Amino acid sequence: MIHQNKYEKQYFSPSGVTMDWVKRDALEKPPIWCSVDLRDGNQALVIPMSLEEKLDFFKLLCRLGFKEIEIGFPAASETEYTFCRTLIEQNLIPDDVTIQVLTQSREHIIAKTFEAIDGAKHAIVHLYNSTSVAQREQVFRRSKAEIVEIAEFGAKLCRDYKAKAKGKITFEYSPESFTGTEPEFAAEICNKVIDIWQPSAEDKVIINLPVTVSHSMPHVYAAQVEYMCKNLVGRENLIISLHPHNDRGCAVADSELGLLAGGDRVEGTLFGNGERTGNVDIITLALNLYSQGVEPGLDFSNMPEITALYERVTGMHVYERQPYSGKLVFAAFSGSHQDAIAKGMKWREEKGGVWNVPYLPIDPADVGRTYDADVIRINSQSGKGGIGYILESRYKLILPPKMREAFGYHVKGISDHEHRELPPAEVYDIFMRDFVNLAGKVALESDSYLESEQGIKAVVKLAYGGKMREVLADGNGRLDAVSNALKTVIEKDYILDSYTSHALEESSSARAASFVSVRFGGKTYWGAGIHSDIFESSVLALFSAVNRMLADQE
């Protein structure tokens with residue numbers, strides 16, 4: 001039981017905001033993306049990345065399309081400093097990519113930071129100091145005026161170092177712990193920094209508004225963002241950046257509403273790695289935009305490759321249900337879901353148009369996933385639709401609806417008994433083993449046909465009960481004649497119920513698949529046959545169905 005007075009509201013709702021942004025129902029363009037995987041993400045790892053691993057990750061981020069990458073805190077450790085120098089000295093930074101470095105408002109740290117970025121064509125220097133009530137009172141034990149002095153001191157030093165720098169330097173300032181700061185004070189301290197840096201249309205300043213710790217519902221953060229947009233001096237020369245953490249599980253929502261409320265830029269990480277519960281997951285945020293028809297400007301078309309590299313260099317594991325990127329996020333085990341997806345895919349093949357397949361918010365193929373391996377997953381909860389879809393999409397076997405249902409129950413029974421998932425190849429193997437070209441109690445040796453007064457006379461040679469038999473029988477067609485010959489031998493008056501067939505390939509020498517059902521004793525039995533001759537495939541399907549019937553009767 002939570003003591004009623006232990007937890008209170010720890011955030012500040014700003015006054016004077018109109019919240020007109022709530023009338024907008026979607027974002028129309030992507031934000032400026034900044035990856036902080038190599039700094040915020042790296043510092044949250046149990047074992048931080050080595051120099052080689054950071055280089056691999058940096059190259060991945062460049063391939064994905066990030067134009068701003070926070071590479072570290074150069075004054076924090078030798079590895080961080082060396083990484084920065086390696087990127088610059090080995091000319092590993094693409095011309096259209098800007099590195100970002102973090103620094104506290106302390107003289108020796110700022111000096112080391114500018115030393116680390118010497119020679120960079122373009123760098124963002126990210127200055128921060130904490131501003132929240134809790135930090136002011138408990139950690140620094142300083143007044144608001146003293147906290148402002150810290151920010152001003154760092155801003156002036158950065159300005160002076162920038163004047164001597166060779167490359168292009170952009171400034172960023174974060175009132176760290178922004179969401180626990182009074183909005184009026186946050187605006188005041190940011191305006192003090194802005195006044196020192198004097199941004200212009202050609203040299204904008206980034207004001208970063210971090211959800212260092214999430215205290216509120218997302219709309220409150222958005223109201224705080226709106227307040228800052230309206231109360232910062234020279235808004236037209238500012239880039240408002242968002243940096244949400246995920247303490248309440250709301251980082252994506254915070255980002256989306258913060259962008260609606262006026263934000264221009266988002267700092268986050270791949271898969272949401274970061275301190276405590278993590279940072280905003282840029283993959284989720286970007287693909288949310290993509291699912292609404294907005295090109296995010298980042299390339300996540302090979303999610304398996306991205307996941308593999310991320311897991312290798314960070315030692316982290318991408319959760320199976322992580323939106324868009326987890327191994328199971330497109331998986332459908334439920335029979336009704338599988339059936340709806342299979343029908344939706346068929347509809348799309350026939351009709352085209354915008355993506356609107358049931359249960360799939362985006363096309364899995366757009367992130368490098370395959371339908372039969374990643375979408376339709378077979379276990380004891382699966383249904384005829386999914387199982388039939390796998391056989392059709394991967395192996396070109398189009399089972400009749402009733403046979404698909406019978407085979408579905410057969411596969412589900414195996415999965416249920418063995419308590420495991422069945423991969424597509426095993427589903428196919430089960431079908432071939434238990435339904436196709438079966439030679440059990442009765443086996444076909446040869447068949448030939450003559451015309452007769454009744455239609456067709458079949459001459460069937462078969463093995464039954466350990467003996468070889470040759471039987472003649474009439475029928476209204478060849479399959480009916482073979483069936484009548486079979487009935488004579490096995491002494492079972494079953495009903496030949498249905499027969500369908502189709503080609504498995506498109507060439508003139510294509511194999512054919514046939515599907516036959518027989519009814520006996522109130523039950524229906526299915527069999528399949530595959531042969532280069534379409535009629536012979538139907539005969540083999542009949543023998544398969546009859547053998548399943550005989551096995552069941554035993």
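Quantities reported herein were computed from a predicted structural model and do not represent experimental measurements. For the single chain, residues carry numbers from 1 onward in sequence order.
- For the pair N246 (side chain) and A251 (backbone), a donor-acceptor distance under 3.5 Å is present.
- In this structure, a donor-acceptor pair under 3.5 Å is absent between the side chains of E176 and N129.
- Ring geometry for F271 versus Y310: interplanar angle of 30 to 60°, hence tilted.
- Atom CD1 of I32 is separated from atom CD1 of I240 by 10.5 Å, given to the nearest 0.5 angstrom.
- Remark: the backbone N or O of V125 is not paired with any side-chain donor or acceptor of E172 at under 3.5 angstrom.
- In this structure a side-chain-to-backbone donor-acceptor pair under 3.5 Å is present from N237 to A201.
- Separation of atoms CG (N302) and CG (D366) is listed at 12.5 Å; rounding is to 0.5 Å.
- Annotation: side chain of I93 is in contact with side chain of I88 (closest heavy-atom distance under 4.5 Å).
- Note on D299 versus R63: no salt bridge recorded, every NZ/NE/NH1/NH2 to OD/OE distance being 4.0 Å or above.
- Side-chain contact annotation: D40 with H243, donor-acceptor N/O pair under 3.5 Å present.
- Here the shortest heavy-atom pairing between L259 and P31 reads CD2-CB, 3.7 Å.
- Looking only at distances, no side-chain donor or acceptor of E80 sits under 3.5 Å from a matching main-chain atom of S77.
- Considering only heavy atoms from C-beta on, L61 comes within 4.5 Å of L38 through its side chain.
- Of the residues P183, C190, P14, the one that meets the side chain to side chain contact (heavy atoms under 4.5 Å, CB included) test with M228 is C190.
- In this structure a side-chain-to-backbone donor-acceptor pair under 3.5 Å is present from Q198 to D195.
- Crowding of Y290 atom OH: a count of heavy atoms from other residues, nucleotides or ligands under 6.0 Å not exceeding 12.
- We find the CD-CG distance between E256 and L27 to be 6.5 Å, quoted to the nearest 0.5 Å.
- At a cut-off of 3.5 Å, with distance as the only test, no side-chain donor of K327 or T307 sits close to an acceptor on the other residue.
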(message) Show, in sequence, the C-alpha distance, side-chain angles and deciding distance for Q135 and T181, and conclude whether the side-chain hydrogen bond (donor to acceptor under 3.5 Å, both in side chains) test is met.
(response) CA-CA 9 Å; Q135 293 270 14; T181 304; over 6 Å; no

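- In this pair, F114 and Y161 present their aromatic rings parallel. The plane angle is below 30°, not in the 30 to 60° band.
- Neither side chain, H215 nor T179, offers a donor N or O lying under 3.5 Å from an acceptor on the other.
- Salt bridge status for D118 with R85: absent, with no side-chain N to carboxylate O gap under 4.0 Å.
- Ion pairing between K144 and E149 fails under the 4.0 Å rule for side-chain N and carboxylate O.
- Considering R235, K204, K29 as possible partners of D264, the one that fulfils the salt bridge (charged side-chain N to carboxylate O under 4.0 Å, His left out) test is R235.
- Using a 4.5 Å cut-off on side-chain heavy atoms (C-beta onward), R248 and M217 make contact.
- A side-chain donor from one of Y128 and Q104 sits under 3.5 Å from a side-chain acceptor of the other.
- Under 3.5 Å, the side chains of S241 and N208 contain a donor-acceptor pair of N or O atoms.
- A side-chain donor-acceptor contact under 3.5 Å links H126 and E70.
- For the atom pair CD (E236) and CG (L238), the distance works out to 7.5 Å, reported to the nearest 0.5 Å.
- In this structure, N191 contributes its side chain and V233 its backbone to a donor-acceptor pair below 3.5 Å.
- Annotation: side chain of D56 is in contact with side chain of R312 (closest heavy-atom distance under 4.5 Å).
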(request) Test side-chain contact (heavy atoms from CB on, under 4.5 Å) on E52 and M49 and set out the steps. (result) CA-CA 8 Å; E52 292 74 20; M49 286 179 272; over 6 Å; no

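- Put simply, the side chain of F57 reaches to within 4.5 Å of the side chain of D37, judged on heavy atoms.
- A distance-only check finds no donor-acceptor pair linking the side chain of S214 to the backbone of D247 [under 3.5 Å].
- Between T212 atom OG1 and L209 atom CG the span is 10.0 Å, to the nearest 0.5 Å.
- A donor-acceptor contact shorter than 3.5 Å links the side chain of W355 to the backbone of L360.
- Within the 3.5 Å criterion, the main-chain N or O of G41 finds a donor-acceptor partner in the side chain of N273.
- Looking only at side-chain heavy atoms (C-beta outward), N42 and L45 come within less than 4.5 Å of each other.
- Ion pairing between D203 and K162 holds under the 4.0 Å rule for side-chain N and carboxylate O.
- Expressed to the nearest 0.5 Å, how far CG of L260 lies from CG of D20 amounts to 12.0 Å.
- Taking a cutoff of 4.0 Å between a charged side-chain nitrogen and a carboxylate oxygen, R142 and E137 do not qualify as a salt bridge.
- Partner Q100 forms a side chain to side chain donor-acceptor pair (under 3.5 Å) with one of E267, R39, E68 and no other, that one being E267.
- Under the 3.5 Å distance criterion, with hydrogens and angles disregarded, a donor-acceptor pair is assigned to the side chains of Y81 and E115.
- Cation-pi geometry between R136 and F185 is met: under 6.0 angstrom from the ring centre, within 45 degrees of the axis.
- Inter-residue side-chain proximity for Y389 and I341 is flagged as unmet; no heavy-atom pair is nearer than 4.5 Å.
- Shortest non-hydrogen contact noted between L60 and L270 is CD2-CD1, 4.3 Å.
- Judged as a side chain to side chain contact (heavy atoms under 4.5 Å, CB included), and not counting sequence neighbours, the contacts of D96 are K67, P94.
- S177 and S130 get closest at one heavy-atom pair: OG-OG, 2.7 Å.
- Of all non-hydrogen atoms in A120 and I99, the two that sit nearest each other are CB-CD1, 4.2 Å.
- Aromatic ring pairs are classed by plane angle as parallel below 30°, tilted from 30° to 60° and perpendicular above 60°; the pair Y173 and W197 is perpendicular.
- Electrostatic pairing of E226 and K230 counts as a salt bridge here, judged by a charged N lying under 4.0 Å from a carboxylate O.
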(request) Any chance you could lay out the side-chain hydrogen bond (donor to acceptor under 3.5 Å, both in side chains) test for K9 and S216, step after step, and finish with the verdict? (result) CA-CA 8 Å; K9 186 175 108 173; S216 69; over 6 Å; no

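- Among all heavy-atom pairs drawn from W33 and P296, the shortest one is NE1-O, 2.8 Å.
- By the 6.0 Å contact criterion, CZ on R106 is open, its count of non-hydrogen atoms from other residues, nucleotides or ligands being 12 or less.
- A side chain to side chain donor-acceptor pair (under 3.5 Å) with Y324 holds for exactly one of D281, T284, N288; it is N288.
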(request) Take I239 and V205 through the side-chain contact (heavy atoms from CB on, under 4.5 Å) test and state the conclusion after the steps. (result) CA-CA 6 Å; I239 296 170; V205 161; over 6 Å; no

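- At a threshold of 4.5 Å between non-hydrogen side-chain atoms, the residues E295 and L289 do not count as touching.
- Among all heavy-atom pairs drawn from L422 and R420, the shortest one is CD2-NH1, 3.5 Å.
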